[in-house]
Undergrad: 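Here you go, one structure.
By convention in this document, chain letters (A, B, ...) are assigned in the order of the sequence lines, proteins followed by strands, and residues within each chain are numbered from 1.
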2 protein chains.
Amino acid sequence: MSAEENLLKLVESEEPDDQDYHLQEQVGFILRKAHQRHVSIFAAHIGDLTPPQFAALAKLRDVGETSQNQLGTLIAMDAATVKGVIDRLKARGLVELSKHEVDKRRLLVNLTAEGRDAIERLIPLAREITRETLAPLSAKEIATFMKLLAKLA
Amino acid sequence: MSAEENLLKLVESEEPDDQDYHLQEQVGFILRKAHQRHVSIFAAHIGDLTPPQFAALAKLRDVGETSQNQLGTLIAMDAATVKGVIDRLKARGLVELSKHEVDKRRLLVNLTAEGRDAIERLIPLAREITRETLAPLSAKEIATFMKLLAKLA
DNA sequence: GGGAATTCATTCGTATGCAAATGATATCAA
DNA sequence: TTGATATCATTTGCATACGAATGAATTCCC
């Protein structure tokens, strides 16, 4: 039975045959592989920064100073994860931390001059990473894919 | 400028404006979020096994006994990662290890009876996970999306 | 046959990613 | 006002994920 037939069955809630379960046809598995491929392309172009670190810098460039938690929300990282990312960016002098004057719970994060330079310099590379990641698709396919992927995310 | 216009520019290698770089429109970022969402759906249905652990069991069910490295290749994990996954499955009695008689470098992995029971029991849940992950899309969109995603992975 | 290159597995180090527990602060509501 | 709740941040523990280095075994090829 083809992958398409299996998917159709699945969506229509027909009774599936366990013999027809194939890992390599499952969204989750392919999603994981596509993500892996992208990370690999990213690393080939930007070796000294990870995608999450880049995301933090890029978002700080957009929104300016924010709290660590708020930044995490903006780039889809939980509090524990964002802390590690910010710690490492701080250790490299790309971001600086300060206390919120009014709300003493908050830890404000902002780009340093060096961090701003870095993100501006990296954005053209990031465009190339996006281009290369999408290279297997035609322009029309890219438009379709991005629309559907956004629905899933 | 719209996301679509930016993508078109990018694909056609026109000069982009750095002001128009938006993290939330980049494939990598959305791919990461879609993957996160899937993992979360997976955890809600199968709490005592991770997607990589499930993948290892499902693939062993397909192919039977294989070497650890070969299994890693089949489920897209490098040697270091697959070792950890197999170690944990072994600790739980779901797989068993043995030495290859001829090629003494190889470590053979196979399902135990318990492991086989587990994967058979979990496959219906995995179908439901796939269904729920794809729920935001129509049947037609699913077919399109899976085709394009496969091209990227 | 034997040295070079390859393959298999392990280990180490670093970096996400998330659940759960904790502490400090802020807000809400009776 | 104060007690319950909620929010922000940190820490711990566990599980991927991968590069790089290492050692053992095999294969390649002259």
Undergrad: Can you tell me how far the CG atom of B/Asp48 sits from the CD1 atom of B/Ile46, to the nearest 0.5 Å?
TA: 8.0 Å
Undergrad: Shared ILVMFWY cluster between A/Val85 and A/Leu107, side chains joined below 4.5 angstrom?
TA: yes
Undergrad: Using whole Å, report how far NE2 of B/His35 lies from P of C/dT16.
TA: 16 Å
Undergrad: I want to verify a distance call: between C/dA9, D/dA9, D/dT11, whose nearest atom is closest to the A/Ala80 side chain?
TA: D/dT11
Undergrad: Determine the contact category for A/Ser67: base if any of its heavy atoms lies under 4.0 Å from a base atom, sugar-phosphate if only primed atoms, P, OP1 or OP2 are that close, otherwise nothing.
TA: sugar-phosphate
Undergrad: Taking NZ from B/Lys90 and C1' from C/dA9, how many angstroms apart are they, rounded to a whole number?
TA: 15 Å
Undergrad: Return no unless some side-chain N or O of B/Gln70 is found under 4.0 Å from OP1 or OP2 of C/dT7.
TA: no
Undergrad: Can you tell me the distance, in whole Å, between the NZ atom of A/Lys83 and the P atom of C/dA20?
TA: 21 Å
Undergrad: Counting side-chain heavy atoms from C-beta on, which of D/dT26, D/dC18, C/dT11 comes nearest to A/Gln36?
TA: D/dC18
Undergrad: Is there a side-chain contact between A/Leu148 and A/Leu152 in this structure, where contact means two heavy atoms from C-beta onward sitting under 4.5 Å apart?
TA: no
Undergrad: Could you work out which one of D/dA25, C/dC18, D/dC8 sits closest to the side chain of A/Arg105?
TA: D/dC8
Undergrad: Checking contacts here: which listed nucleotide (D/dC8, C/dA26, D/dC18) is nearest the side-chain heavy atoms of A/Asn69?
TA: D/dC8
Undergrad: Assign A/Thr81 to base, sugar-phosphate, or nothing according to its heavy-atom contacts below 4.0 angstrom with the strands shown.
TA: base
Undergrad: Nearest heavy atom decides the nucleotide; on that basis, is A/Arg106 or B/Lys104 closer to the 5' end of DNA chain D?
TA: A/Arg106
Undergrad: Report the nucleotide, chosen from D/dT10, C/dT16, D/dA17, that has the shortest atom-to-atom distance to any side-chain atom of B/Pro52.
TA: D/dA17
Undergrad: Rounded to the nearest Å, what distance is computed from the NE2 atom of residue A/His100 to the C1' atom of nucleotide C/dA24?
TA: 16 Å
Undergrad: Could you state the atom-to-atom distance from CG of B/Asp78 to C1' of D/dA17 in whole Å?
TA: 6 Å
Undergrad: Any side-chain to backbone donor/acceptor pair from B/Thr66 onto B/Leu71? Under 3.5 Å, distance only.
TA: no
Undergrad: Which part of the nucleic acid, if any, lies within reach of A/Val39 when heavy atoms closer than 4.0 Å are counted: base, sugar-phosphate only, or nothing?
TA: nothing
Undergrad: Please state whether the phosphate of C/dA15, meaning OP1 or OP2, lies under 4.0 angstrom from any side-chain nitrogen or oxygen of A/Thr50.
TA: no
Undergrad: Using whole Å, report how far CZ of A/Phe29 lies from C1' of D/dA17.
TA: 14 Å
Undergrad: What distance do A/Leu94 atom CG and A/Leu49 atom CG have between them, rounded to the nearest 0.5 Å?
TA: 7.0 Å
Undergrad: From CD1 of A/Ile86 over to C1' of C/dA15, roughly how many Å is that when rounded to an integer?
TA: 14 Å
Undergrad: Checking contacts here: which listed nucleotide (C/dT25, C/dT16, C/dA9) is nearest the side-chain heavy atoms of A/Asp103?
TA: C/dT25
Undergrad: Round to the nearest Å and state the distance from B/Met77 atom CE to D/dA15 atom P.
TA: 14 Å
Undergrad: According to a strict under-4.0 Å criterion, is A/Gln53 in side-chain N/O contact with OP1 or OP2 of C/dT16?
TA: yes
Undergrad: Kindly compute the distance separating CZ (A/Arg37) from CZ (A/Phe42), expressed to the nearest 0.5 Å.
TA: 15.0 Å
Undergrad: From C-beta outward on A/Arg32, which listed nucleotide comes closest to its side chain: D/dT10, C/dT16, D/dA17?
TA: D/dA17
Undergrad: What contact category does A/Val102 fall into here, base, sugar-phosphate, or nothing, at under 4.0 angstrom with non-hydrogen atoms?
TA: sugar-phosphate
